[in-house]
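Quick notes on the structure that follows.
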Amino acid sequence: MPSVCLPDGSSRVISPGLTARELAESIGRKLAQAAIAAVVDGEVRDLSAPLPETENTKVKLLTDRDPEALEVLRHSCAHIMARAVVRLFPGSQLAFGPALENGFYYDIESPTPIREEDFPRIEEEMRRLISLEEPFERFERPVEQARELVRDMGQKLKVEHIDEDLARFPSLSFYRQGEFVDLCRGPHIPHAGKVGAFKLMSLAGAYWKGDAGRQQLQRLYATAFFSQKDLDAYLKQLEEAKKRDHRVLGKQLHLFTISPLAGPGLILWMPKGALIRGLLEQFLRDELVRRGYDPVYTPHVGRLEMYRTSGHFPYYRDAQFPPLYHHPAASALDLLQYRLASGPLDEAREREMGLFLSQASLVIPGYTEAKTPAAKLEATARQAAEILRLHSINLPDFDRAVGSEAQAKALLVWLERQEGYLLKPMNCPHHIQIFKAVQRSYRDLPVRLAEFGTVYRYEQTGELSGMTRVRGFTQDDAHLFVTPEQVEEELRANIELVRFVLKTLGLGDYRVRIGLRAKGSDKYVGSDDDWNAAEAALLRIVKSLDMPHTAEEGEAAFYGPKIDFVVRDCIGREWQLGTVQLDYNLPRRFDLEYIGADNKAHRPVMIHRAPFGSMERFMGILIEHFAGAFPTWLAPEQVRVLPVSEKAAEYARGVEARLRAAGLRATSDLGSDKIGARIRAATLDKVPYMAVVGEKEAQSGGVAARDRVAGDLGTMGVDEFIARLDAEIRARRLPGG
RNA sequence: GCUAGCGUAGCUCAACGGUAGAGCACUGGUUUUGUAAACCAGUGGUUGUGGGUUCAAAUCCCACCGCUAGCUCCA
């Protein structure tokens with residue numbers, strides 16, 4: 001007899017064909033009404049689906065309290081939204097409409113573009129559909145019939161999807177709601193009335209199947225909840241996050257600015273922001289030195305030759321600022337060489353190349369008109385020859401070269417003789433030179449070279465955002481040169497360092513993500529043994545430290561496995577910080593070695609680590625985490641002295657001087673506003689402490705201390721006030737801690 | 001780079017084809033203040049830049065620059 005096992009441990013015998021809904025009814029009428037879907041053997045299913053006729057099937061009925069139910073609800077709401085759009089915008093083509101962590105979207109191609117002004121109409125239509133409480137009815141069709149069905153509905157994208165990805169399935173499922181039918185795997189809520197509250201959020205472009213080479217669709221973002229209360233709470237949380245936006249607070253509190261004239265994506269640290277950054281750097285540097293790192297400094301540019309050796313140039317050149325050459329012809333020849341070296345390209349890569357070349361303002365006569373890849377390469381070579389001639393560069397090897405490969409090689413020989421520099425995209429090649437400057441013995445290892453190193457990457461314009469996505473940033477970088485046996489210990493020490501520092505800043509809640517090789521792929525460098533050992537070490541460490549972690553195959557860099565740190569801030573948002581990466585590649589490219597105990601040369605393993613990513617990004621995250629109210633040890637202004645009236649101004653100046661002499665960052669506000677207004681100003685400036693002084697304090701020689709959050713702390717002596725702040729600063733106490 | 005939206009005083013915003021305005025901030029004055037906003041006055045703009053349409057453009061059109069939300073990318 002088939003039976004089910006319920007979460008409370010009880011089991012029931014069921015009749016064949018019984019659905020989850022009928023099961024719920026048999027348990028209780030209320031449960032049946034509240035049920036949204038069911039988890040059957042770990043899989044979320046419709047209530048209307050018959051339960052499997054096996055013994056001891058694990059069944060859990062989901063209600064609006066279960067997170068999985070919310071996902072089902074949102075997916076169903078995506079259907080309701082699509083239905084409303086199809087009604088209002090006849091001829092709309094539907095693509096995908098999945099649930100997300102905070103809502104859902106639907107990608108749609110409509111004959112008349114949808115605009116944000118249309119949101120109220122769409123929402124109204126959705127409300128009407130929801131009030132009908134129509135059921136979601138599932139049905140299945142063999143794949144051929146399914147294809148005909150979507151074709152007859154005029155849903156071209158769905159036809160494409162079946163042809164490309166779904167044809168291998170014997171049958172496909174659909175859900176019907178009134179006149180609206182959508183190809184969909186499900187599951188869905190029993191009827192539309194379960195949607196308690198929803199809201200259309202935004203409109204964006206998205207490529208069909210995420211492929212930039214395909215047409216762009218309109219993506220409607222929205223969210224849905226079981227109750228208006230939950231939606232309101234979510235919207236309030238968004239408001240809260242918005243108030244913490246580091247771009248807003250950074251402006252308000254004069255921490256940093258970005259000037260289009262200085263350059264988009266290039267952070268200008270204002271005095272207050274710079275002070276905080278300096279304190280953070282000092283804190284990190286002290287901690288690194290304590291843990292055996294050696295600070296170094298390297299310049300902002302490096303010879304192209306070095307980046308050719310490391311492989312950074314020219315392979316990632318579309319993400320780099322253009323190289324700096326002395327020879328006036330070199331930039332053009334460099335681009336032409338790059339084009340020739342790339343050889344014949346297919347259509348998609350040719351499009352990318354065209355974009356890149358036009359961005360670099362390189363015009364090749366006859367290039368665009370050339371029909372075949374070979375003709376394009378010929379045009380490129382002609383232009384190179386022309387430039388060589390104009391600049392009287394005699395290059396017989398190029399003239400003799402046959403084919404784009406040989407031509408590229410000849411040009412490269414010339415280019416390599418030219419003086420050329422690159423704004424550094426990474427610090428590692430420089431640090432490697434420092435490692436190589438001294439003969440290294442196994443006794444010297446690990447060598448840990450640390451630098452707050454500024455690097456430059458030419459991010460796409462649409463990618464730039466405040467301090468978190470920029471074109472120049474300073475990594476809290478270090479490179480560790482270790483023996484294979486030392487890898488595990490170094491990784492462990494690294495995680496412990498991150499753990500300590502993040503905890504100090506109140507970001508103690510985080511997990512690590514481990515990037516492993518994709519099985520059976522040959523794109524990785526390094527021996528299998530090294531990889532196996534390194535991957536096992538990574539997993540062993542996170543397990544032994546009892547840390548939340550996820551391991552993801554195929555997420556490793558081609559030169560080694562890596563760990564990413566993902567922290568959760570005080571309002572529950574996750575931020576990806578830096579990474580720790582093992583590297584077998586650069587030691588080989590730069591031919592690094594150390595002398596082992598056997599008196600033979602051995603190749604070290606490199607560990608790249610920038611656990612906080614960059615100072616810019618980390619600062620941005622801290623601003624949001626603290627909502628601009630930095631703990632006293634980091635606050636740019638720690639105390640503001642506020643004389644009650646001008647009569648106490650002289651005394652206030654004296655107090656300020658004493659605070660400064662004690663090492664506190666103090667100022668006085670001697671303005672003519674009333675004391676209440678100046679307290680308000682100091683509070684809005686997020687100054688942690690105020691020292692209110694009037695005639696009483698001037699007589700007793702004290703201050704009336706005030707905390708920016710707790711308010712009046714009462715009167716105390718100046719020394720007592722200083723001691724109190726000093727203790728807090730030494731302990732690096734956190735707000736509320 | 002792509003899609004959509006947006007650029008008005010230092011900041012937040014109004015004016016939406018017909019004389020560019022408010023609050024805050026700033027400056028000067030009055031007030032001499034006791035724990036989150038005293039009062040009065042004043043300064044401040046070639047409406048992102050450049051072109052076009054119009055008798056007339058912040059407003060409509062085009063190009064560029066920048067910003068925002070996504071997409072794509074991210075060694």
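Remember, it's a predicted structure, so these values are computed and weren't measured experimentally. These values consider heavy atoms only, across backbone and side chains, with no hydrogens, waters or symmetry-generated copies.
Note on A:E695: a base of the nucleic acid sits closer than 4.0 angstrom, heavy atoms only. Nucleic acid contact class of A:I258 (heavy atoms, under 4.0 Å, all strands): none.
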Its contact letters, B for base, S for sugar-phosphate only and - for none at protein heavy atoms under 4.0 Å, make nucleotides 35-43 of chain B read BBBB-----
Each nucleotide of nucleotides 70-75 of chain B classed B (base within 4.0 Å of a protein heavy atom), S (only sugar-phosphate) or -, in 5' to 3' order, makes BBBBBB
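The aromatic rings of A:W531 and A:Y584 sit tilted relative to each other, their planes meeting at an angle between 30° and 60°. Ring geometry, A:F96 versus A:H161: the interplanar angle exceeds 60°, so the pair is classed perpendicular (tilted spans 30 to 60°).
Evaluation of the side chain to side chain donor-acceptor pair (under 3.5 Å) rule for A:H246 yields A:E624 as partners, not counting sequence neighbours.
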Output one line per pair: protein atom, nucleotide atom from nucleotides 48-50 of chain B, and distance, for all N/O pairs under 3.5 Å.
none

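Rounded to whole Å, the separation between the C1' atoms of B:A56 and B:G18 comes to 7 Å.
A side-chain donor from one of A:W208 and A:E160 sits under 3.5 Å from a side-chain acceptor of the other.
Taken residue by residue, residues 234-255 of chain A places heavy atoms nearer than 4.0 Å to RNA chain B at A:R247.
With a cut-off of 3.5 Å on both pairing distances, the Watson-Crick and G-U wobble pairs of RNA chain B assemble into stems of 3 or more at B:1-7 with B:65-71, B:10-13 with B:21-24, B:26-30 with B:38-42, B:48-52 with B:60-64.
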